[in-house]
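Right, one structure below, let's go through it.
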Amino acid sequence: MRLRLNGTVVGARNVGPPSAAQEVEVLYASGKQLFKVRAKGCVLACWNMMIPYLCPELPEAQKEALHYLVKVPLVYTSVCIRDWTSFQRLGIQRVSSPGSYWSDISLNSAVNMGEYRSPTSPEEPILLHLSRAPCKPGLPAREQHKIGRYELLTTTFETFERKIRDQLVRTLSSGGFDPARDIEAITVNRWPHGYGYEYNPLFDPDWPEDKRPNVIGRKPFGRITIANTDSAATAYTDTAIDQAYRAVNELLRG
Ligand SMILES: Cc1cc2nc3c(=O)[nH]c(=O)nc-3n(C[C@H](O)[C@H](O)[C@H](O)COP(=O)(O)OP(=O)(O)OC[C@H]3O[C@@H](n4cnc5c(N)ncnc54)[C@H](O)[C@@H]3O)c2cc1C
């Protein structure tokens, strides 16, 4: 096996008609150069919405199905605070605030690994985990995800910081928290394409299994198969492994 890291695939096509193809041709970019390789098969394990651009010869209905799954944007933020005595005084570990800028604020999970030890005393510094799924209430879920992505593009760090200070003081000040004194550092991680799309009965039809966009989208196309959590319309790693297993087996059977 030869692994080629840092290569971005820009095209994948069956050599000959898909129903009779014995090989695929993959075009990838590495640095400023383009390379072409041939293989007996190829699994596209990237985001579903990119596949129609990489593989324009796919049937139109399949391309449309692949575009249906709009990833969910996420912001995961870490805030280092000088101590967590305010949490101790309030008797809380986690705050859930649906509708607020940060929907969830919690003390970092306790992890002891190798030489790393989590703080055990409230007098010690700790990281807070804050999360936000940018959205636009009132619109269908997939539209909300797209608008949330634009919000991530246009939000400055200063805005995130102000929202952090504002919400933490409103949540914790009665426990003695002072943002000017207690916040030591902030890291904002923006994930424009965070979680995979999961069907929502408020907005998505109740399709029979074989009509679901993820099922239509993951159909093998000659010697090209399709993995990624998008092809199961779920968001989690266990599914990514299951879908990769399916996609590899489709090639082995073909
Ligand atoms: C902030 C965050 C927190 C999460 N927390 C959890 C959790 O706690 N538990 C959990 O189970 N899951 C979690 N997930 C979800 C988990 O990360 C995904 O389910 C999993 O990574 C999906 O794996 P995948 O192989 O389907 O796709 P990805 O991990 O998205 O992998 C796709 C790969 O394809 C590559 N790629 C894309 N296009 C090309 C191209 N043209 N050429 C070459 N390579 C390409 C990408 O670089 C990427 O490496 C989290 C996700 C996020 C964003």
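Counting starts at 1 for both ligands and their atoms, following the listed order.
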Checklist entry - Looking at Trp47, which atoms of ligand 1 are within less than 4.0 Å of one of its heavy atoms? => result 30 (O)
Checklist entry - Can you tell me how far the CG atom of Leu127 sits from the CG atom of Leu107, to the nearest 0.5 Å? => result 10.0 Å
Checklist entry - Using 30° and 60° as the class limits, which term best fits the ring planes of Phe160 and Trp102: parallel, tilted or perpendicular? => result tilted
Checklist entry - Taking NZ, NE, NH1 and NH2 as the nitrogens, is one of them in Lys71 or Asp230 under 4.0 Å from a carboxylate oxygen of the other? => result yes
Checklist entry - About how many Å separate OH of Tyr195 and OG1 of Thr229, when rounded to the nearest 0.5 Å? => result 10.5 Å
Checklist entry - Any non-hydrogen atom of Gly7 lying under 4.0 Å from ligand 1? => result yes
Next on the checklist: Any protein heavy-atom neighbour for atom 1 (C) of ligand 1 (distance below 4.0 angstrom)?
Outcome noted: yes
Next on the checklist: Could you identify the single nearest non-hydrogen protein atom to atom 26 (O) of ligand 1 and state the distance to 0.1 Å?
Outcome noted: Thr229 N, 2.9 Å
Checklist entry - Is atom 49 (O) of ligand 1 less than 4.0 angstrom from at least one protein heavy atom? => result no
Next on the checklist: Could you walk me through whether Cys46 and Asn228 satisfy the side-chain contact (heavy atoms from CB on, under 4.5 Å) test, starting with their C-alpha distance in whole Å, then the side-chain angles of each, then the deciding distance to 0.1 Å, before giving a yes or no?
Outcome noted: CA-CA 6 Å; Cys46 53; Asn228 196 268; 5.5 Å; no
Next on the checklist: How long is the straight-line distance from CD of Glu23 back to NZ of Lys40, given to the nearest 0.5 Å?
Outcome noted: 9.0 Å
Item to check | Residue part near ligand 1, for Ala227, under 4.0 Å between non-hydrogen atoms | outcome: neither
Next on the checklist: As a quick check of understanding, evaluate side-chain contact (heavy atoms from CB on, under 4.5 Å) for Glu123 and Trp84, giving each step before the final call.
Outcome noted: CA-CA 6 Å; Glu123 316 296 335; Trp84 39 293; over 6 Å; no
Checklist outcome for this item: The side-chain contact (heavy atoms from CB on, under 4.5 Å) partner of Ile164 among Ile105, Leu128, Ile186 is Ile186
Next on the checklist: Below 4.0 Å, non-hydrogen atoms only: which portion of Ala235 touches ligand 1? Side chain, backbone, both or neither.
Outcome noted: backbone
Item to check | Cation-pi check, Arg132 onto Tyr101 ring (under 6.0 Å, within 45° of axis) | outcome: yes
Checklist entry - For atom 3 (C) of ligand 1, what's the nearest protein heavy atom and its distance? => result Tyr76 CE2, 3.6 Å
Checklist entry - Between Glu158 and Arg162, does at least one N-O distance fall below 4.0 Å, as a salt bridge requires? => result no
Checklist entry - What is the ring orientation for Tyr68 with Tyr199, classed by angle as parallel under 30°, tilted 30 to 60°, or perpendicular over 60°? => result tilted
Item to check | CD on Gln243 to CG on Asp238, rounded to 0.5 Å | outcome: 10.0 Å
Checklist entry - Short check: is a protein heavy atom less than 4.0 Å from atom 21 (O) of ligand 1? => result no
Item to check | Test of proximity, Val9 against ligand 1: N or O pairs below 3.5 Å | outcome: yes
Checklist entry - Is the shortest N/O to N/O distance between Asn228 and ligand 1 below 3.5 Å? => result yes
Item to check | Nearest-neighbour protein heavy atom for atom 11 (O) of ligand 1, which is reported as residue plus atom name and distance | outcome: Thr237 N, 3.0 Å
Next on the checklist: If we set the cut-off at 4.0 Å for heavy atoms, which region of Tyr195 has an atom near ligand 1: side chain, backbone, both, or neither?
Outcome noted: side chain
Item to check | Any protein heavy atom nearer than 4.0 Å to atom 16 (C) of ligand 1 | outcome: yes
Checklist entry - Does Asp238 reach ligand 1 with a nitrogen or oxygen that is under 3.5 Å from one of the ligand's nitrogen or oxygen atoms? => result no
Next on the checklist: Can you tell me which portion of Tyr236 lies within the under-4.0 Å heavy-atom range of ligand 1? Options are side chain, backbone, both, or neither.
Outcome noted: both
Item to check | atom 39 (C) of ligand 1: nearest protein contact (heavy atom, Å) | outcome: Cys46 CB, 4.0 Å
Checklist entry - Taking atom 31 (O) of ligand 1 as the point of reference, which of Ala240, Ala45, Ser131, Gly196 owns the nearest heavy atom? => result Ala45
Next on the checklist: Measuring from non-hydrogen atoms of Tyr28 to any atom of ligand 1, is the shortest distance under 4.0 Å?
Outcome noted: no
